[in-house]
Number of protein chains: 2
Amino acid sequence: MIRDPLKDLPGYALRRVSVAFMSRLAARLVRLHLRPTEATVLLVIQDNPGVKQSEIGRLLGVVSANMAPLVARLADRNLIIRQAVDGRSQGLTLSEAGRRTAQKARGIMDDHEADLIAHIPKADCAAFVRVLHTLANQKDN
Amino acid sequence: MIRDPLKDLPGYALRRVSVAFMSRLAARLVRLHLRPTEATVLLVIQDNPGVKQSEIGRLLGVVSANMAPLVARLADRNLIIRQAVDGRSQGLTLSEAGRRTAQKARGIMDDHEADLIAHIPKADCAAFVRVLHTLANQKDN
DNA sequence: TCAAAATGCTATACGCTATAGTTATTGTAG
DNA sequence: CTACAATAACTATAGCGTATAGCATTTTGA
């Protein structure tokens, strides 16, 4: 057995857990031909009809350069509808197909979150979630 | 303010925290011209002189196809030395320069981990670390 | 001894991230 | 009202970590 110098680094464990978690989520979403980020964008639009893609980007921490092709893909698949709200920005809404897909995506993501929770010892779960939210809501750059 | 349907998903928070954490680590390591994975590989070699790259890959969860160019880069920079242990595998050791770099990398990573810990409310820190290790050591694929 | 496993490798692709730079529109301060 | 700054959407490009497929060689073990 070889020594593991990263054994005791919480940050490294965080990274490993996140990667594994994300890859499982991606595997579940292939059924809908959605990438994880695409799915999250669909959910945001579902909850905020008429939202602008720049607003979604700010919320999710996705720069506009990456929002553009992402939104274009969803529009090309007729999952969302773009309607100009003024000369430079468009409001995004789910199409009928988009609503169905978003609903399924929500189910998948909820299941996936439930799986995560299920693997956490009950006694520590609340603290764990609390810390994650603390860290996530820190203006960490 | 727009609604955030991901607000209450711990898994999503996990992902965001991990990404932010990694990007800060990467920023700190540019000084050594090391990527995060390269730094972790250096540390593993430092702690396990003569280790084979296949062993490192298994430990860190990096497939051999990705270990090959990674190790080649470190060797090209004369940070590590490859010595054949048999016809197909090589033992990896740090060079003098590699030892210096690994030492600095360890310092950076320790500081980085300390920063993470510092941002966690003390009361929940132990539980948080416990959960991370639980999740990390689950056979999650 | 011979087939299976292991090792290192190339080529290639995907997903998320980022920066730089463009065009057009809107907002605002003088 | 004009000039300048900010906003929005976008293209092009790149870096990093991840993955699969396939290959040549060597070692192992039934």
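In what follows, every chain begins at residue 1, and chains take the letters A, B, ... in the order their sequences are listed.
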Student: Whole-Å distance between D/dT18 P and A/Phe21 CZ?
Tutor: 17 Å
Student: Look at the side chain of A/Ala65 and decide which nucleotide, out of D/dC10, C/dG8, D/dT27, has an atom nearest to it.
Tutor: D/dC10
Student: Between B/Met22 (CE) and D/dG15 (P), how many Å, whole number?
Tutor: 17 Å
Student: By nearest heavy atom, map A/Gly61 and B/Val71 onto DNA chain C; which one lands nearer the 5' end?
Tutor: B/Val71
Student: Rounded to the Å, how far apart are B/Gln90 CD and D/dT27 P?
Tutor: 12 Å
Student: Nearest-nucleotide wise, let me know which of A/Ser89 and A/Pro69 is further upstream toward the 5' end of DNA chain D.
Tutor: A/Ser89
Student: Between atom CG in A/Asn66 and atom C1' in D/dT11, what is the gap in whole Å?
Tutor: 12 Å
Student: Round to the nearest Å and state the distance from B/Leu34 atom CG to D/dG15 atom P.
Tutor: 16 Å
Student: What nucleotide among C/dC9, C/dT17, C/dG15 has an atom nearest to a side-chain atom of B/Ala68?
Tutor: C/dC9
Student: At what distance, to the nearest 0.5 angstrom, does NE2 of A/His133 lie from CG of B/Leu14?
Tutor: 10.5 Å
Student: Provide the closest heavy-atom pair for A/Ile45 versus A/Ile56 in the form atom of the first, atom of the second, distance.
Tutor: CG1-CD1, 3.7 Å
Student: Measure across A/Val51 and A/Glu55 and return the closest heavy-atom pair with its distance rounded to 0.1 Å.
Tutor: CG2-OE1, 3.2 Å
Student: Please determine whether a side-chain nitrogen of the Lys or Arg among A/Asp47 and A/Arg106 lies less than 4.0 Å from a carboxylate oxygen of the Asp or Glu.
Tutor: yes
Student: Would you indicate, yes or no, if D/dC10 has its OP1 or OP2 atom less than 4.0 angstrom from a side-chain nitrogen or oxygen of A/Arg82?
Tutor: yes
Student: Report yes if at least one side-chain N or O of A/Arg58 is closer than 4.0 Å to OP1 or OP2 of D/dT7; otherwise report no.
Tutor: no
Student: Using only heavy-atom distances, decide whether a donor-acceptor pair under 3.5 angstrom links the side-chain of A/Arg88 to the base of D/dT7.
Tutor: yes
Student: Any salt bridge between A/Arg28 and A/Asp115, counting N to O under 4.0 Å?
Tutor: yes
Student: Would you mind telling me which of C/dT7, C/dA11, C/dA18 lies closest to the side-chain atoms of B/Lys52?
Tutor: C/dT7
Student: Under 4.0 Å between a side-chain N/O of B/Thr37 and OP1 or OP2 of D/dC16, yes or no?
Tutor: no
Student: Taking only side-chain N and O atoms of A/Ser54, does any of them lie within less than 4.0 angstrom of OP1 or OP2 on D/dA9?
Tutor: yes
Student: To the nearest Å, give me how far apart CD (A/Glu38) and P (C/dT17) are.
Tutor: 12 Å
Student: Between A/His112 and A/Phe21 (side chain of the first, backbone of the second, donor and acceptor by atom type, cut-off under 3.5 Å), is there such a pair?
Tutor: yes
Student: If only side-chain N and O atoms of B/Arg35 are considered, is one of them under 4.0 Å from the OP1 or OP2 phosphate oxygen of D/dC16?
Tutor: yes
Student: Starting at atom CG of B/Leu25, determine the distance to atom P of C/dT17, rounded to an integer number of angstrom.
Tutor: 17 Å
Student: Which residue, A/Ser64 or A/Asp86, contacts DNA chain C at a nucleotide closer to its 5' end, judged by nearest heavy atom?
Tutor: A/Ser64
Student: Given atom CZ of A/Arg15 and atom P of D/dG17, what is their separation to the nearest angstrom?
Tutor: 7 Å
Student: Students often get this wrong, so: under 4.0 angstrom with heavy atoms, is A/Ala72 touching a base, only sugar-phosphate, or nothing?
Tutor: nothing
